[in-house]
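Contents: one structure, followed by commentary.
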Amino acid sequence: MVHDATGALVAVAVDGPSGSGKSSTARGVASRLGWNYVDTGAMYRALTWWLISENVDVSDADAVAARVNEPTLDISVDPATPGVFVNGHEVSAKIRDPHVTESVSAVSAVPAVRERLVAIQREIMERGAVVVEGRDIGTVVAPDAAVKVFLIATKEARAQRRAAEWAHDHGITVENTAAMLDQRDHLDSTRELSPLTQADDAVMIDSTAFTLDEVINQVIAMVRERIPSFATS
Ligand code: DC
């Protein structure tokens, strides 16, 4: 991992519930700063996709734990071309399938899954200055990150955004989307291990009333303040 002259970890942690704008914000910040970008949700999705393709019962935590170390997992850290790879094959489109979305919370609650993926995420963070998004980045994966953001938005705004992304492909309504987001957030926030929570030292940003650029600017301003020598944007 990269540290500045004062010892601060050159990393931005972006956590928050589904549909709050984490991916667009984290990618945008990474590309403005010329840093790496890590979408940890894509890694949980990729493992879930692989388990489903292997006919593993994802509701059986023991069955999931027994297979978790089998596939190789990697991601592209370039914010211009993010991608996730299982056993060397790109699965970036497949992991957005509704079937994967429905199953990913159960898989990500299994301790052996989190242990393996957090270890890979920390290895990937070694590659350079980085913006990392997920649910437990500021609390567990990178508690020393110089900048921590907890991104939220109203339920309506989150459902609108996700429905706009999905409707084209899957014909899903805003109401369905809201129900799916609710269910996933409930599972992700109430699980025993590393639940979605705001780190004590994270700054909460409500993206509802802001454009994407405005949110990105707020995060970049935090980077300038905390690690000025790395804020070259
Ligand atoms: O951000 P996303 O919707 O692609 O994430 C998919 C799921 O992965 C999410 O429902 C919870 C899980 N996840 C997690 O448990 N920890 C993370 N750091 C990132 C995602």
Side-chain angles (χ1 to χ4, degrees), residues 11-27 30 37-52 58-59 61 64-65 68 73 75 77 79 82-84 86 91-125 130-143 145 148-153 155 158-159 161-166 170 172 177-199 202 207:
V12 175
V14 182
D15 291 301
S18 316
S20 57
K22 293 188 301 293
S23 294
S24 317
T25 303
R27 257 181 94 174
Y37 162 63
V38 176
D39 174 0
T40 61
M43 300 172 71
Y44 287 92
R45 286 171 178 273
L47 185 61
T48 303
W49 172 81
W50 178 81
L51 289 163
I52 294 170
V58 292
S59 65
V64 168
V68 69
L73 290 169
I75 59 164
V77 293
V84 59
V86 177
V91 295
S92 308
K94 292 175 177 145
I95 64 166
R96 303 292 157 193
D97 189 279
H99 199 35
V100 172
T101 302
E102 278 163 23
S103 307
V104 67
S105 291
V107 171
S108 58
V110 175
V113 168
R114 305 205 71 82
E115 201 179 314
R116 177 161 193 232
L117 292 195
V118 169
I120 297 175
Q121 288 156 17
R122 289 190 179 135
E123 263 173 45
I124 293 172
M125 286 182 66
V130 65
V131 184
V132 191
E133 63 146 306
R135 304 290 189 293
D136 60 343
I137 311 307
T139 50
V140 175
V141 177
K148 295 187 191 180
V149 175
F150 195 78
L151 200 59
I152 60 162
K155 195 192 295 181
R158 298 191 291 125
R161 286 181 195 149
R162 273 292 149 94
E165 280 168 27
W166 289 346
H170 306 294
I172 294 171
T177 310
M180 283 168 73
L181 289 180
D182 257 359
Q183 196 200 5
R184 202 142 61 89
D185 288 341
H186 177 73
L187 292 171
D188 295 341
S189 310
T190 55
R191 71 174 174 234
E192 208 164 310
L193 193 62
S194 311
L196 167 67
T197 40
Q198 181 178 355
S207 70

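When a ligand or atom number is given, it counts from 1 through the structure's own listing order.
- Distance alone, capped at 3.5 Å, is enough to place a donor-acceptor pair between the Arg191 side chain and the Ser194 backbone.
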Evaluate Ile52 against Ser103 for side-chain contact (heavy atoms from CB on, under 4.5 Å), listing each step before the verdict. CA-CA 9 Å; Ile52 294 170; Ser103 307; 3.9 Å; yes
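- In this structure, the side chains of Pro17 and Ile152 come closer than 4.5 Å at one or more pairs of heavy atoms.
- The pair Asp185-Lys155 does not meet the salt-bridge criterion, since no charged nitrogen lies less than 4.0 angstrom from a carboxylate oxygen.
- Within the 4.5 Å cutoff, no side-chain heavy atoms of Val86 are placed close to those of Lys94.
- Judged by distance alone, the side chain of Ser189 and the main-chain N or O of His186 form no donor-acceptor pair under 3.5 Å.
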What short N/O contacts, under 3.5 Å, does ligand 1 make with the protein, listed by atom pair and distance?
unit_1	atom_1	unit_2	atom_2	d
ligand 1	1 (O)	Arg135	NH1	2.9
ligand 1	1 (O)	Arg135	NH2	3.4
ligand 1	3 (O)	Arg45	NH2	3.2
ligand 1	3 (O)	Arg135	NH2	3.3
ligand 1	3 (O)	Arg184	NH1	2.9
ligand 1	4 (O)	Arg45	NE	2.7
ligand 1	10 (O)	Arg184	NH1	2.8
ligand 1	10 (O)	Asp188	OD2	2.7
ligand 1	15 (O)	Arg114	NH1	2.8
ligand 1	15 (O)	Arg114	NH2	3.4
ligand 1	15 (O)	Arg191	NH1	2.8
ligand 1	15 (O)	Arg191	NH2	3.1
ligand 1	16 (N)	Arg114	NH2	3.0
ligand 1	18 (N)	Thr40	OG1	3.0
ligand 1	18 (N)	Arg135	N	3.1
ligand 1	18 (N)	Asp136	OD1	2.8

